[in-house]
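Okay, so here's the structure we're looking at.
Since we're looking at a predicted model, the values are computed, not measured.
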Amino acid sequence: MKKKKNSFFRFLFIAAAFTGAVLLIYVFFNEGVKNRKKEKAIAEDILRKKINQLELTKIRLQKVSSRERVSKIASDSLGLMTPVEDIKRIYINKFQLEQIKREINSRYD
C-alpha cells in the first residue's frame, strides 16, 4: 500500500511540475507577444505622425511654389511681367534632340 501511495505522490509531483513548466512557458511567451504588440503600436503611431508631417510639408511646398504666388513675387519684387501672348512651344523627338546635341558638340569641340 505504501508503494502505491508513494508512486501516486510521485506521479502527482511530476504532473504538477510539468503543468507548472508549461504554464511558465505560456506566460513567458504571452508576455513577449504583449510587448511586441505594444512596440508595434508605438512604431505605427510614430509612422503615422511622420506620414502626417510629410503630407503637411508637401502642402506647404505646394503653397510656396504655386504659380500665382511665384508670379506675384516676380512681378512685385523683380518687376517681371507675364507675357501677354501665349508662349510658343517647339516639340522635337528624342532622335532630333540627339542630332542637335551632336551638331553642337562637333561645332564647339
Side-chain angles (χ1 to χ4, degrees):
M1 180 89 173
K2 195 170 187 176
K3 191 171 186 176
K4 278 188 174 185
K5 197 174 190 184
N6 220 2
S7 66
F8 175 72
F9 284 124
R10 185 180 293 157
F11 173 75
L12 189 61
F13 178 74
I14 291 172
F18 179 74
T19 305
V22 169
L23 286 176
L24 186 65
I25 291 171
Y26 171 76
V27 169
F28 175 75
F29 282 118
N30 198 16
E31 287 298 315
V33 168
K34 284 181 184 179
N35 287 339
R36 297 297 180 263
K37 284 182 180 179
K38 185 186 287 187
E39 289 173 3
K40 180 183 174 189
I42 291 171
E44 285 176 346
D45 188 43
I46 291 170
L47 178 63
R48 206 173 300 115
K49 287 178 183 178
K50 295 282 185 184
I51 289 172
N52 288 340
Q53 186 179 13
L54 181 64
E55 290 297 322
L56 290 174
T57 304
K58 284 181 181 179
I59 291 170
R60 279 192 234 119
L61 178 65
Q62 288 173 349
K63 285 180 183 177
V64 169
S65 63
S66 69
R67 181 179 173 95
E68 294 81 22
R69 184 175 182 278
V70 171
S71 297
K72 185 177 184 242
I73 291 173
S75 64
D76 291 347
S77 60
L78 299 176
L80 299 176
M81 298 178 63
T82 55
V84 178
E85 57 191 55
D86 288 337
I87 298 173
K88 295 180 182 177
R89 295 182 183 200
I90 300 172
Y91 296 99
I92 59 173
N93 63 22
K94 192 174 181 179
F95 179 71
Q96 289 173 328
L97 181 64
E98 290 299 323
Q99 284 181 334
I100 293 169
K101 283 182 182 178
R102 275 190 254 126
E103 182 67 29
I104 289 173
N105 286 337
S106 68
R107 285 188 184 181
Y108 293 105
D109 281 342

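Rounding to the nearest 0.5 angstrom, the gap separating the CD atom in Glu31 from the OH atom in Tyr26 is 10.0 Å. Ile25 contributes atom CD1, which lies 13.5 Å from atom CG of Asn30 (distance to the nearest 0.5 angstrom). In this structure, the separation between CZ on Phe18 and CG on Leu23 is 10.0 Å, given to the nearest 0.5 Å. Atom CD1 of Ile51 is separated from atom CD of Glu55 by 8.0 Å, given to the nearest 0.5 angstrom. Note that the CD1 atom of Ile42 and the CG atom of Leu47 stand 13.5 Å from one another [nearest 0.5 Å]. Rounding to the nearest 0.5 Å gives a distance of 12.5 Å between CG of Leu24 and OG1 of Thr19.
Looking at residues two or more places apart in sequence or on another chain, you find a salt bridge (Lys or Arg N to Asp or Glu O under 4.0 Å) between Lys49 and Asp45.
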Show me the donor-acceptor pairs within less than 3.5 Å that the side chains of residues 92-104 make with the rest of the protein, sequence neighbours left out.
residue : atom : partner : partner atom : Å
Asn93   : OD1  : Phe95   : N            : 3.2
Asn93   : OD1  : Gln96   : N            : 2.8
Gln96   : OE1  : Asn93   : N            : 3.2
Glu103  : OE2  : Arg107  : NE           : 3.0
Glu103  : OE2  : Arg107  : NH2          : 3.4

Solution key, residues 63-79 side-chain donor-acceptor pairs under 3.5 Å, sequence neighbours excluded:
residue : atom : partner : partner atom : Å
Ser65   : OG   : Leu61   : O            : 2.7
Ser66   : OG   : Lys63   : O            : 3.3
Ser66   : OG   : Arg69   : N            : 3.4
Arg69   : NH1  : Val64   : O            : 3.2
Ser71   : OG   : Arg67   : O            : 2.9
Ser75   : OG   : Ser71   : O            : 3.1
Ser75   : OG   : Lys72   : O            : 3.0
Ser77   : OG   : Ile73   : O            : 2.7

